[in-house]
Amino acid sequence: MSHRPFPGRRSVLRGSLAASAALTLPSALGAAPAFALSGRPEAGWGVQTGDVTCDSGLVWARSDRPARMIVETSATESFRNPRRWHGPLLGKGTDFTGTTQLRGLPSGERIHYRVLLADPDDPRRTGEPVSGTFRTASARRRDGVRFVWSGDLAGQGWGINPEFGGYRIYDAMAALDPDFFICSGDNIYADGPISETVALPDGRTWRNITTEEKAKVAETLAEFRGNFRYNLLDENLRAFNAQVPSIVQWDDHEVTNNWFPGEILADSRYTEKNVDVLAARARQAFSEYFPISTLRRPDGRVYRVQNYGPLLDVFVLDMRTYRNANSPDDQTTDPQGILGREQLEWLKRELARSRAVWKVIASDMPLGLVVPDTGDGKPNIEAVAQGDPGAPLGRELQIAELLRFVKHRRITGTVWLTADVHYTSAQHYDPSRAAFKDFAPFWEFVSGPLNAGAFPANALDGTFGPDRVFVKAPTTANVSPAGGYQFFGEVDIDGDSGELTVRLREQDGTVLFTQVLQPGRVGQ
């Protein structure tokens with residue numbers, strides 16, 4: 001398959017976005033000027049698919065005006081005898097975004113699709129179709145599975161730089177022709193304004209595309225929406241979205257740094273201090289800009305399990321919405337923890353129910369890496385580990401409960417994937433090295449950032465006996481994408497042997513580290 005199967009996708013934003021001296025785009029209706037020239041609805045922000053299974057998937061699009069979303073699917077690019085799906089009316093209430101559910105698709109097949117946007121008053125008036133493709137999950141084990149994962153996009157002021165090639169890491173991921181992509185959180189940096197220029201340590205200048213919504217921290221619904229639109233200005237990302245389905249989760253920067261429910265901000269940049277208000281607005285924008293199946297349900301939750309055939313189930317966690325307040329995290333009882341009781345019981349139940357060879361746990365935060373939260377000047381903890389290598393305390397108690405459950409229920413093939421810390425590493429956890437010993441050995445792999453500042457490696461906490469088998473991280477903080485240290489991970493599951501191979505890769509696709517795991521082992 002050609003990795004650029006749709007000529008012209010890179011010219012969707014007609015006219016160079018870098019043409020203006022300031023590289024600044026207006027925010028009227030959230031549309032770049034060229035999108036508004038046609039008298040018909042246009043889907044200039046590209047298309048994307050999400051939560052694809054053996055027989056279903058969600059297709060996303062955004063219009064530049066009110067429109068009816070129509071999706072056509074076909075087994076070939078010719079679109080002879082296409083199947084037509086009538087989607088929602090796209091309007092102001094959803095920022096002109098919408099998703100269409102496709103059901104009854106053939107298993108393990110490449111689906112070609114195109115989105116047409118029709119004038120709601122005259123269905124004959126449609127804009128130019130925007131095409132995409134994806135593979136459904138295979139019900140046949142022998143077909144194998146390949147996917148990629150990473151996180152952290154447009155953070156620390158490093159945005160879309162045309163001189164750098166934009167978000168070019170997406171080209172390297174697309175070149176592997178993965179079945180899907182897991183975005184492990186921090187899809188945007190709502191708390192991170194982007195300026196036109198940033199001085200680099202070597203005297204060069206980093207030049208960002210900017211928009212009005214990225215000039216300040218996001219507080220209003222419109223500003224959160226604008227943060228998600230910002231990333232779609234990148235042609236690499238739009239091309240990737242049209243080729244590779246995503247499984248998306250969120251972390252903190254979709255709202256604000258290190259947030260937790262009930263928090264009242266002391267940050268002077270915000271006029272709205274109530275994090276719960278900000279989180280509600282961010283969640284709405286998040287649900288509008290990604291095709292996520294569970295967000296369409298009444299409970300609107302992010303955590304879910306994505307079944308991907310007999311080889312793989314992906315358990316998508318939400319370590320943000322249900323957590324307790326950040327603290328020194330040294331309490332001896334902690335029923336709420338970082339997942340909340342309901343999500344923890346869901347995870348245990350679904351892991352026990354899974355019959356997949358591999359159970360990948362997509363965790364938006366690492367387990368054994370000490371991630372501090374010193375925003376208020378206190379030595380609080382942002383993730384799970386708090387640096388005490390002894391018996392589990394605080395949020396570690398909930399993770400210990402889960403790990404014990406996996407061991408005693410003899411659940412095989414669990415692998416943890418995460419991002420968040422802006423470097424790449426591999427940790428092996430073993431009870432022989434641990435203070436807490438009632439669990440089976442397992443691996444945790446870290447990747448990212450996609451396009452953000454890179455940071456030195458975090459300290460390890462010995463409670464669960466981690467051994468850092470591999471790490472690549474800078475020695476100074478906030479290294480720009482021009483300085484390297486941008487990473488993604490690849491997982492390849494062989495259909496014949498069932499072996500799972502993890503490769504940690506650099507921005508250009510270079511393999512840094514490889515680990516092969518054998519199926520059928522409790523934990524891993």
Side-chain angles (χ1 to χ4, degrees), residues 47-60 99 101-102 105 108 111 132-138 144-153 169-170 173-174 176-188 228 231 237 240-251 254 283 286-297 300-309 311-321 343 346-347 350-351 354 356 358-365 413-420 445-448 450 488-493 500 502:
V47 291
Q48 55 180 311
T49 52
D51 286 8
V52 170
T53 70
C54 289
D55 61 359
S56 67
L58 287 170
V59 176
W60 175 97
T99 59
Q101 177 85 55
L102 309 183
L105 301 175
I111 307 297
T133 183
F134 64 92
R135 279 191 299 270
T136 52
S138 178
V145 181
R146 179 189 300 126
F147 67 92
V148 292
W149 93 94
S150 189
D152 315 301
L153 186 59
I169 195 170
Y170 284 94
M173 292 194 295
L176 298 176
D177 192 23
D179 292 299
F180 61 90
F181 167 58
I182 298 176
C183 191
S184 302
D186 294 343
N187 297 268
I188 62 170
F228 288 104
N231 288 330
L237 176 53
F240 182 83
N241 283 345
Q243 177 186 331
V244 182
S246 292
I247 297 175
V248 181
Q249 62 192 140
W250 76 344
D251 192 31
E254 285 84 359
R283 179 184 288 271
F286 180 79
S287 71
E288 292 168 346
Y289 275 84
F290 293 113
I292 298 176
S293 55
T294 50
L295 287 174
R296 297 157 55 92
R297 296 168 25 166
R301 56 181 169 86
V302 174
Y303 69 85
R304 60 203 188 276
V305 58
Q306 197 65 33
N307 307 116
Y308 211 84
L311 284 172
L312 176 66
D313 283 342
V314 179
F315 298 83
V316 184
L317 303 188
D318 179 356
M319 290 179 154
R320 191 58 53 180
T321 305
Q343 184 179 188
W346 163 87
L347 179 58
E350 293 298 330
L351 282 169
S354 173
W358 293 99
K359 294 100 178 155
V360 164
I361 302 175
S363 173
D364 41 306
M365 304 212 76
T414 57
V415 179
W416 291 72
L417 303 182
T418 189
D420 183 68
F445 298 96
V446 180
S447 194
L450 288 159
F488 69 94
E490 174 199 3
V491 175
D492 202 337
I493 307 175
L500 182 148
V502 178

Self-check item: side-chain contact (heavy atoms from CB on, under 4.5 Å) evaluation trace for Asp492 with Leu500
Solution: CA-CA 6 Å; Asp492 202 337; Leu500 182 148; over 6 Å; no
Quiz prompt | Tyr303: which of Phe315, Trp346, Trp250 passes ring pair (Phe, Tyr, Trp, His ring centres under 6.0 Å) | solution = Trp346
Quiz item: Using 4.0 Å as the upper bound for N to carboxylate O, is an ion pair formed by Arg304 and Asp318?
Solution: no
Self-check item: Short side-chain donor-acceptor distance under 3.5 Å, Thr321 and Arg283
Solution: yes
Practice problem: State plainly whether the residues Arg135 and Asp179 are in salt-bridge range, i.e. N to O under 4.0 Å. | Solution: yes
Self-check item: Separation of Met173 CE from Phe147 CZ (nearest 0.5 Å)
Solution: 13.0 Å
Exercise. Indicate whether any N or O donor in one side chain lies under 3.5 Å from an N or O acceptor in the other, for Ser354 and Asp313.
Key: yes
Practice problem: Provide the closest heavy-atom pair for Thr49 versus Pro291 in the form atom of the first, atom of the second, distance. | Solution: C-CG, 3.6 Å
Exercise. Work out which heavy atom in Ser447 is nearest to a heavy atom in Gly489; give both atom names and the distance.
Key: OG-N, 3.2 Å
Exercise. Please name the pair of heavy atoms, one in Ser293 and one in Leu58, separated by the smallest distance, quoted to 0.1 Å.
Key: N-CD1, 3.5 Å
Quiz prompt | Results of side-chain contact (heavy atoms from CB on, under 4.5 Å) for Thr53 - residues two or more places apart only | solution = Asp55, Ser56, Gln306
Self-check item: Separation between CD of Gln343 and CZ of Arg301, rounded to the nearest 0.5 Å
Solution: 8.5 Å
